[in-house]
> 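Pasting in a structure now, in structure tokens, and then I'll have a few things to ask.
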Amino acid sequence: MARTFKYRLSGPFGGLAADLTGESRSLGTSEKPLLQIYRNVWLNPPAGINWRDSAWLSFGLSVHALELSATHPNGLIVEVTTLTFPLAHFRSELAALAMDGWIREEFDLPDRGLYAASRVGAGGYTFHWGEHSDPFSDEE
């Protein structure tokens, strides 16, 4: 059954928001999942999604993939049916934070340290990726 996770961060510029609706299921023998995240963990992103949002969804799932793979040895598909957001309160990184929150609630997994914070004085937001370096940075 599909379930919605609502990511919200209040901030001086109105904040950030994204709603992710998805469901998980075992990998069926005739299914053709779209994106392999790790071994037997797959992501089916919503149709027509922007490539950046899809990449960040993938990252949000990947931080939990090792544990999900171990607990679902026959395969797991996470299907995101919708990722909705107000354009004025969205950045692609929120797709990872919404996926992380959805996964943690769906499977009762621990917090991996992914979060956003308002940047006081300088405006904007900073994103923190737990033990992971900046996921799409060219720097090591």
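Index from 1, following the sequence. Below, all heavy atoms of this structure are taken into account, side chains as well, without hydrogens, waters or symmetry copies.
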> Are the side chain of E105 and the backbone N or O of D108 linked by a donor-acceptor pair below 3.5 Å?
no

> Side chain to side chain contact (heavy atoms under 4.5 Å, CB included), that's the test. Do N44 and V78 meet it? Break it down for me.
CA-CA 6 Å; N44 283 356; V78 173; over 6 Å; no

> If you define the side chain from C-beta out and look only at heavy atoms, does anything of L27 sit under 4.5 Å from W42?
yes

> Does one side chain, of N74 or S26, offer a donor that lies under 3.5 Å from an acceptor on the other?
no

> According to a 4.5 Å side-chain heavy-atom criterion applied to Ile, Leu, Val, Met, Phe, Trp and Tyr, with indirect links allowed, do M99 and M1 form part of one hydrophobic cluster?
no

> Locate the shortest heavy-atom distance separating R104 from D111; write the atom from each residue and the value.
CD-CA, 3.5 Å

> Do L68 and L109 have side-chain heavy atoms sitting under 4.5 Å apart?
yes

> Tell me if the aromatic rings of W129 and Y115 count as close, with their centers under 6.0 Å from one another.
no

> Considering only NZ, NE, NH1 and NH2 on the basic side and carboxylate oxygens on the acidic side, decide whether E23 and R3 come within less than 4.0 Å.
no

> At their closest point, which heavy atom of A116 faces which heavy atom of L16, and how far apart are they?
CB-CD1, 4.4 Å

> My understanding is that only one of V80, N50, L34 makes a side chain to side chain contact (heavy atoms under 4.5 Å, CB included) with P45; could you say which?
L34

> Calculate, to the nearest 0.5 Å, the distance between atoms CD and CD1 belonging to Q36 and I77 respectively.
11.5 Å

> Is the shortest heavy-atom distance from the side chain of P46 to the side chain of L57 under 4.5 Å?
yes

> Shortest non-hydrogen contact from A17 to F85?
O-CB, 3.4 Å

> Would you tell me whether S62 and H64 have side-chain atoms, one donor and one acceptor, within less than 3.5 Å of each other?
no

> Are the ring centres of H72 and F107 closer than 6.0 Å?
yes

> Hey, does P110 have a side-chain heavy atom less than 4.5 Å from the side chain of E67?
yes

> What heavy-atom pair brings Y125 and S118 nearest, and what distance separates the two atoms?
CE2-OG, 3.6 Å

> Walk me through it: do L97 and L94 pass the test side chain to side chain contact (heavy atoms under 4.5 Å, CB included)?
CA-CA 5 Å; L97 299 178; L94 287 185; 3.9 Å; yes

> Examine the side chains of T4 and D19 and answer whether a donor and an acceptor come within less than 3.5 Å of each other.
no

> Is there side-chain contact between L76 and S24, with heavy atoms separated by less than 4.5 Å?
yes

> Which atoms form the tightest heavy-atom contact between P73 and A70, and what is the distance?
CD-O, 4.0 Å

> If you round to the nearest 0.5 Å, how far is OH of Y38 from OG of S69?
5.5 Å

> Side chains of L114 and F59, heavy atoms from C-beta outward: is any pair under 4.5 Å?
yes

> State, yes or no, whether a side-chain contact exists between L20 and Y7 at a heavy-atom distance under 4.5 Å.
no

> After noting the C-alpha distance and the side-chain angles of R25 and E79, does the key distance pass the side chain to side chain contact (heavy atoms under 4.5 Å, CB included) rule?
CA-CA 8 Å; R25 63 182 179 276; E79 180 152 358; 2.8 Å; yes

> Any side-chain heavy-atom pair from F127 and R91 closer than 4.5 angstrom?
yes

> So which heavy atom on L43 is nearest to which on S54, and how close?
CD2-O, 4.5 Å

